[in-house]
Amino acid sequence: MRKIIGLLVLVLPTLAELYLIDQPTPFSLIHGEYYIDARFQNEGGMLVHFGIGLFDRLTLGASYGGNGFLGADKPTFFPRVGFQARAAITSEGETFLPDIGLGYDDQGFGDYDNTDKQYQVRSKGFYLAIGKTLDLSNTYFVFGPNYWLGSNKRKGLSGFLAAKQTLSEQWDLILEYDLNIRPAEHEHKRGFLNFGISWTFRENLNFTLTLKDILKNRWDINGKPAGMNRALNVSF
């Protein structure tokens with residue numbers, strides 16, 4: 001495992017922060033950049049994102065994963081590959097406007113609900129992400145609406161917000177909230193609250209340890225208890 005990480009550090013480009021924890025940022029890769037993001041989550045699961053910058057403001061990506069990679073259980077894979085596309089519209093460093101990005105993401109997070117045909121945390125679908133830096137405290141805020149398309153003709157408008165507090169060149173704290181409007185059958189109406197500690201080991205290697213679903217919005221998935229869980233995100 002150390003050799004694999006070491007090799008990736010040598011060959012992969014500068015880290016692009018396309019997500020905080022689950023919530024998307026308004027940023028895009030520049031032309032020719034690419035990234036790999038591996039998330040180790042509950043049920044011994046792993047979800048891998050891959051993205052590439054086609055133009056300076058357009059990124060396309062794909063994701064795939066499953067459960068049971070760690071532990072004694074037999075691995076089970078998610079039913080299909082997820083796809084992502086995003087375009088950075090404005091940058092707060094270039095104009096008086098905040099960072100603004102438009103995107104589409106059909107990849108959810110957590111375990112896959114075989115009954116509801118959705119992930120434990122459903123995908124964003126179409127979204128608008130707006131980001132702004134508060135220079136006084138070095139805090140970055142992200143918020144926006146999203147419109148998701150689910151199974152069984154389920155769809156609806158929702159929203160998200162997040163804040164990243166920079167502590168130093170290497171350490172950040174992240175707090176984010178998904179409104180999760182129109183919850184599923186096994187969910188409360190509390191939304192998904194996540195907290196993370198992010199450590200940038202090198203310019204192109206980042207580790208984020210997260211507490212997911214702190215409000216215990218989801219109590220059951222596939223007949224197993226859900227609720228608050230831990231995840232590790234490794235971004236190259």
Side-chain angles (χ1 to χ4, degrees), residues 18-26 39 41-43 45 47 49 61-67 76 78-87 89 98-132 141-164 174-196 210-231 233:
L18 301 184
Y19 299 89
L20 294 180
I21 299 175
D22 289 349
Q23 313 314 317
T25 67
R39 176 181 301 232
Q41 53 192 17
N42 51 325
E43 299 294 330
L47 176 65
H49 281 85
S63 54
Y64 193 58
N67 291 330
T76 57
F78 294 147
R80 64 179 181 83
V81 176
F83 293 97
Q84 300 83 42
R86 63 170 67 201
I89 307 302
D99 296 322
I100 299 177
L102 288 171
Y104 173 77
D105 192 336
D106 66 0
Q107 178 63 62
F109 298 104
D111 201 2
Y112 185 80
D113 190 322
N114 296 315
T115 301
D116 195 40
K117 306 302 180 184
Q118 289 287 334
Y119 288 89
Q120 187 171 348
V121 179
R122 66 193 182 208
S123 60
K124 279 287 177 287
F126 296 96
Y127 64 86
L128 170 69
I130 302 170
K132 184 64 178 176
F141 295 95
V142 179
F143 64 94
N146 68 284
Y147 189 84
W148 62 279
L149 302 169
S151 63
N152 302 320
K153 298 182 179 180
R154 292 176 59 208
K155 56 186 178 180
L157 184 68
S158 190
F160 60 95
L161 60 151
K164 184 182 78 167
I174 302 170
L175 187 67
E176 61 175 34
Y177 181 67
D178 185 331
L179 276 65
N180 194 49
I181 297 175
R182 298 182 68 184
E185 180 180 352
H186 299 281
E187 296 174 350
H188 298 289
K189 297 181 179 180
R190 302 169 182 171
F192 289 97
L193 179 67
N194 303 326
F195 173 75
T210 65
L211 289 177
K212 303 280 301 293
D213 195 10
I214 296 173
L215 299 179
K216 298 181 179 180
N217 183 66
R218 179 87 185 215
W219 72 80
D220 176 271
I221 186 164
N222 295 325
K224 300 178 182 179
M228 188 172 68
N229 56 89
R230 297 173 300 277
N233 210 44

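Along the sequence shown, residues carry numbers from 1.
Two residues are said to be in side-chain contact when any heavy atoms from C-beta on lie closer than 4.5 Å; Gln120 and Phe109 fail this criterion. Looking only at side-chain heavy atoms (C-beta outward), Phe126 and Leu102 stay at 4.5 Å or farther from each other. Taking the side chain as every heavy atom from C-beta outward, Lys212 and Ile21 approach each other to under 4.5 Å. Between Glu187 and Asn180, the closest side-chain pair of non-hydrogen atoms falls below 4.5 Å. Looking at heavy atoms from C-beta onward, Ser63 lies in side-chain contact with His49 at the 4.5 angstrom threshold. Between Arg39 and Asp22 there is a side-chain heavy-atom pair separated by less than 4.5 Å. Side-chain contact between Asn67 and Asp111 is present, with heavy atoms from C-beta onward closer than 4.5 Å. Annotation: side chain of Leu47 is in contact with side chain of Gln107 (closest heavy-atom distance under 4.5 Å).
For the atom pair OH of Tyr147 and NZ of Lys155, the computed distance is 4.5 Å after rounding to the nearest 0.5 Å. The CZ atom of Phe83 lies 13.0 Å from the OG atom of Ser123; values are rounded to the nearest 0.5 Å. The NZ atom of Lys189 lies 15.5 Å from the CG atom of Leu215; values are rounded to the nearest 0.5 Å. For the atom pair CG of Asn217 and CZ of Phe192, the computed distance is 4.5 Å after rounding to the nearest 0.5 Å. Considering CD of Gln84 and CG of Asp105, their distance stands at 4.5 Å, rounded to 0.5 Å. Here CZ of Arg230 is found 7.5 Å from CG of Leu211. Values are rounded to the nearest 0.5 Å.
Looking only at atom types and distance, the side chain of Glu176 has a donor-acceptor partner in the side chain of Asn194 under 3.5 Å away.
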Item to check | Pair Leu175-Leu20, side-chain contact (heavy atoms from CB on, under 4.5 Å): steps then yes or no | outcome: CA-CA 9 Å; Leu175 187 67; Leu20 294 180; over 6 Å; no
Checklist entry - Can you list the steps and then say if Leu161 with Leu179 is a side-chain contact (heavy atoms from CB on, under 4.5 Å)? => result CA-CA 8 Å; Leu161 60 151; Leu179 276 65; 3.8 Å; yes
Checklist entry - Is there a salt bridge (Lys or Arg N to Asp or Glu O under 4.0 Å) between Arg122 and Asp178 once you walk through the steps? => result CA-CA 10 Å; Arg122 66 193 182 208; Asp178 185 331; over 6 Å; no
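Side chain of Asn229 to backbone of Asp213: no donor-acceptor contact under 3.5 angstrom is found. Between the side chain of Thr25 and the backbone N or O of Leu18, at least one donor-acceptor pair lies under 3.5 Å. No donor-acceptor distance shorter than 3.5 angstrom exists from the side chain of Asn146 to the backbone of Gly125, with no hydrogens or angles considered.
In plain terms, the two heavy atoms of Pro24 and Ala129 that are nearest each other are O-CB, 4.1 Å. Taking all atoms of both residues into account, the shortest heavy-atom contact from Gln118 to Trp148 is NE2-CZ3, 4.4 Å. Considering every non-hydrogen atom in both Pro26 and Ile130, the closest pair reads CG-C, 4.1 Å.
Evaluation of the salt bridge (Lys or Arg N to Asp or Glu O under 4.0 Å) rule for Arg86 yields no partner, not counting sequence neighbours. In terms of the salt bridge (Lys or Arg N to Asp or Glu O under 4.0 Å) criterion, residue partners of Lys224 (sequence neighbours excluded) are, by chain and number, Glu43. Under the salt bridge (Lys or Arg N to Asp or Glu O under 4.0 Å) criterion, Asp113 pairs with Arg218, not counting sequence neighbours.
Around the NZ atom of Lys216, the shell of radius 6.0 Å holds no more than 12 heavy atoms that belong to other residues, nucleotides or ligands.
In this structure, Phe160 and Tyr127 have perpendicular ring planes: the angle between them is above 60°, well past the 30° mark. The aromatic rings of Tyr119 and Tyr112 sit perpendicular to each other, their planes meeting at more than 60°, with 30° as the lower class boundary.
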